[in-house]
Amino acid sequence: MIDYLTGLNDRQREVVTDLEHPILVLAGAGSGKTRCIIYRAAYLIKEKRIPPWQILIVTFTNKAARELQTRLEQLLNIPVRSLWVGTFHSICLRILRYESSFLPYKANFSIYAADEQKSVLKKIYKAHGFDLQKYPLNKVLGRIGRYKNRLMLPEDIDKAEFEGSAFLAGFVSIYHHYQQTLLLNQAMDFDDILLYTARLLQENEELRAKYQNIFQYIMIDEYQDTNKAQFEIIHQLALQHQRVCVVGDDDQAIYSFRGATLRNILEFERDYKEVRAIRLEQNYRSTTAILDLANQVISHNKNRHVKELWSELGVGIKPLLKIYPDANAEAEQIASEIQTLQEEGCELRDITILYRTNAQSRLFENALMQKKIPYSIVGSLQFYQRKEIKDLIAYLSTLSNPADNESLLRIINEPPRGIGQITVTRLLGFALKTHISLYQAILNPSAAPDLKPAAIKRVSDFAQMMQAWSQAALTQPVADLVKEIVEELGMISFYNKSNDPKDIARAENLIEFVASVNEFAERFAQDNEKAPVLNDFLPFIALQTDLDMVSDDLQSVRLMTLHNAKGLEFETVYIAGLENELLPHRMSMDTREEIEEERRLFYVGITRAKRRLILSLALSRRLYDTYNITKPSMFLSGLSDDVLDSEDFDLKRPRSTYQKPRHKARDSQKFFRIGQRVWHDEHQEGVVLSVNGTDQDAVLVVSFKNGKLLKIVGSYLKTEPASL
DNA sequence: CTAAATTCCTTTTTT
DNA sequence: AGGAATTTAG
């Protein structure tokens with residue numbers, strides 16, 4: 001018997017047991033919202049005898065989904081495999097594969113991530129003469145994404161909207177070609193997964209009824225970070241029966257860059273009937289000292305529901321701000337503090353270092369490695385974006401979906417097998433002219449004009465190898481298939497032969513990948529009582545992220561971005577790089593909305609800490625190959641002394657004397673450093689503010705005593721005053 | 001066709 | 001700085 005009384009407070013219990021109304025839970029950080037979801041699911045299954053397959057729970061990450069399922073099973077003491085629990089993308093993908101006959105896609109369509117998207121765009125630019133400068137890939141992809149999140153395909157964009165603008169007209173044309181190419185390749189991007197699901201539910205009455213009927217009870221976590229497409233999917237499913245429960249916190253909305261809109265949480269009471277709104281403000285995670293800081297930081301945001309977190313866990317240790325001369329010192333000091341904590345008996349897995357950008361992880365990795373402190377990076381381009389892994393996955397995608405040109409082109413000459421650019425171009429031309437796919441073209445290369453016999457031989461050898469595998473892929477367990485491909489291509493031994501440590505790491509990655517396929521196969525076999533084949537495996541891999549890989553019981557310090565920290569908690573939290581242009585990030589400080597979102601990101605970081613919170617900033621930091629002087633984050637000003645200790649450092653007063661950043665000495669006479677004095681023929685004495693490059697060629701920003709601030713090349717400067 | 005040389009380009013955050 | 005992409009040389 002589950003005890004719903006002692007484990008939950010009054011309001012949590014209401015969330016769990018009110019099945020009569022649509023429920024909106026406004027849950028502060030650490031207020032036990034995941035607990036509510038788990039107990040509500042348990043309540044439905046155990047008390048109300050709702051079959052698990054009628055319950056849909058949407059989480060923010062795959063890992064959260066797995067955890068939720070495990071905890072629920074522990075609570076119920078029975079397995080609930082048929083429960084629908086996953087991210088929007090994984091749930092939608094499941095539906096789309098199953099219902100592909102209603103779409104212009106086959107069930108085995110590929111998923112394109114950023115790399116493939118860009119590669120598709122580049123080909124379109126080349127074919128249709130679009131200028132990369134005028135249409136930067138990231139901008140275009142961002143815009144396409146924003147349209148898709150609003151459920152708009154190119155044909156839905158109002159002509160009138162872009163008639164006056166050549167740029168917009170160009171963009172719409174690119175968007176159009178892009179969608180066509182994806183369709184031709186039988187591929188979807190991440191946003192398509194949501195868009196097509198939403199459209200299907202909107203337009204197909206039968207399907208809508210079917211899934212409304214399946215998903216009798218719906219729960220959504222992190223509702224504040226849903227976008228319009230996601231809203232529409234849930235709305236279509238829940239509009240009839242209204243049995244929906246959403247959980248979120250407007251102060252933790254940090255995904256507007258991918259179309260998330262607070263509108264969904266703010267208008268929930270209008271979207272559904274007789275909504276019960278329940279607020280959870282008691283925090284069960286952090287000490288009062290930490291919450292005081294969190295409350296004060298977030299109170300500077302204007303656009304929010306005012307709420308104050310409180311807890312009964314005692315005052316605790318006051319958060320501390322540390323200032324370091326440069327980013328290296330920051331990383332080293334944090335590493336040695338962690339060493340001390342470890343010696344005092346802290347568990348490493350209870351410690352995390354949070355930062356704004358992935359690039360910052362590098363410094364911490366080095367510092368921790370030097371001190372031999374185990375660490376794991378959560379997320380980032382650790383694994384699935386590695387070249388060797390992507391190559392291997394491209395083989396698998398091609399075997400499963402021969403229409404997928406991106407994958408085929410990636411591997412057609414990888415490892416090198418004498419099929420060069422010219423051959424590929426000719427094959428592509430031939431395919432285009434005869435309206436067949438590239439894969440079909442390579443099956444019969446002798447039909448292509450201009451191909452030399454030697455080239456034909458190499459192509460058909462490749463094609464035969466692929467054909468054999470794609471036959472095998474239908475029946476052979478995927479674990480065996482992958483092993484065979486890796487061995488036959490000699491990938492591991494190829495990388496092992498090299499002396500480059502990077503290549504050795506690549507070999508190791510491939511071994512790890514093979515191991516992960518085996519792991520998947522075992523789990524799959526347990527659940528389904530048969531060994532998975534390729535088509536069982538690929539859908540899983542497409543949405544797998546590195547976030548899902550770090551095991552909880554591993555004894556290591558966790559490194560991650562602030563975004564990845566959402567939903568997690570740690571005894572000790574370091575938040576590094578509290579500098580303007582980093583947090584808030586330079587790309588996100590133009591509007592008040594952007595700055596408020598960055599502040600929420602900071603808030604999310606703070607509220608991860610259970611007992612100990614250390615903030616830090618560096619007074620200088622390198623970007624690319626340039627050292628820059630930094631300014632403390634604007635989020636630090638306006639905080640009172642009683643919520644943050646700051647090592648006798650006055651943030652309001654500009655620093656006149658600070659320790660010079662340490663750099664490796666170079667045997668060059670004119671090695672310029674930040675803060676260094678330099679002399680110029682005309683402007684006399686000045687101080688270096690930033691350096692880009694070295695020696696004579698360095699481009700420097702120098703503040704001269706005569707008041708001029710100039711960008712200047714090193715060769716015009718002297719490092720000593722001119723003798724009289 | 002491959003390998004070397006050169007240029008380009010990056011850094012916001014993620015499913 | 002460092003890696004990817006593109007151009008050039010063999």
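By convention in this document, chain letters (A, B, ...) are assigned in the order of the sequence lines, proteins followed by strands, and residues within each chain are numbered from 1. Keep in mind the model is a prediction, meaning the values are calculated, not measured.
A cation-pi contact, defined as under 6.0 Å to the ring centre and within 45° of the axis, links A:R263 to A:F231. The cationic atom of A:R97 (NZ for Lys, CZ for Arg) lies less than 6.0 Å from the six-membered ring centre of A:F109 and within 45° of the ring axis.
With C:dA5, B:dT12, C:dA1 as the candidates, the nucleotide lying closest to the side chain of A:T357 is B:dT12. Minimum atom distance to the side chain of A:F257 is reached by B:dT14, of the listed B:dT14, B:dT15, B:dT12. Closest approach to the A:M587 side chain among C:dA4, B:dT14, B:dT11 is made by B:dT11 (side chain taken as heavy atoms from C-beta onward). Each of B:dT15, B:dT13, C:dA5 was ranked by its minimum atom distance to the side chain of A:H563; first place goes to B:dT13. The side chain of A:K122 approaches C:dA5 more closely than any other nucleotide in the set C:dA5, B:dC1, B:dT12. The A:L623 side chain lies nearest to B:dT11 when the options are B:dT2, B:dT11, B:dT13. Each of B:dT13, B:dT15, B:dT14 was ranked by its minimum atom distance to the side chain of A:R356; first place goes to B:dT13. Of the listed nucleotides (C:dA1, B:dC1, B:dT13), C:dA1 has the atom at the smallest distance from the side chain of A:R622.
For B:dT11 and C:dT6, the P atoms lie 16 Å apart once the distance is rounded to whole Å.
Residue side chain A:H585 does not reach the base of B:dT12 through any donor-acceptor N/O pair under 3.5 Å, judged by distance alone. Below the 3.5 angstrom threshold, one finds a donor paired with an acceptor across the side chain of A:S588 and the base of B:dT12.
Across all strands shown, A:F88 has no heavy atoms under 4.0 Å from either base or sugar-phosphate atoms. Residue contacts shown for A:D191 are absent, as no nucleic acid heavy atom lies under 4.0 Å away. Among the atoms of the strands shown, none is found under 4.0 Å from any heavy atom of A:S90. Among the atoms of the strands shown, only primed sugar atoms or phosphate atoms (P, OP1, OP2) are found under 4.0 Å from some heavy atom of A:R362.
Note on A:N149: every side-chain N or O is 4.0 Å or more away from OP1 and OP2 of B:dT15. Between A:T561 and B:dT12 there is no side-chain polar atom (N or O) within less than 4.0 angstrom of OP1 or OP2. Between A:N358 and B:dT12 there is no side-chain N or O to OP1 or OP2 distance below 4.0 Å.
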Show me the donor-acceptor pairs within less than 3.5 Å that the side chains of residues 583-592 of chain A make with the rest of the protein, sequence neighbours left out.
residue : atom : partner : partner atom : Å
A:H585  : ND1  : A:M587  : N            : 3.0
A:T591  : OG1  : A:E594  : N            : 3.1

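Taking 4.5 Å as the limit, every side-chain heavy atom of A:K631 sits out of range of all side-chain heavy atoms of A:E581. Residues A:D221 and A:V58 form no side-chain contact, since every pair of their non-hydrogen atoms from C-beta on lies 4.5 Å or further apart.
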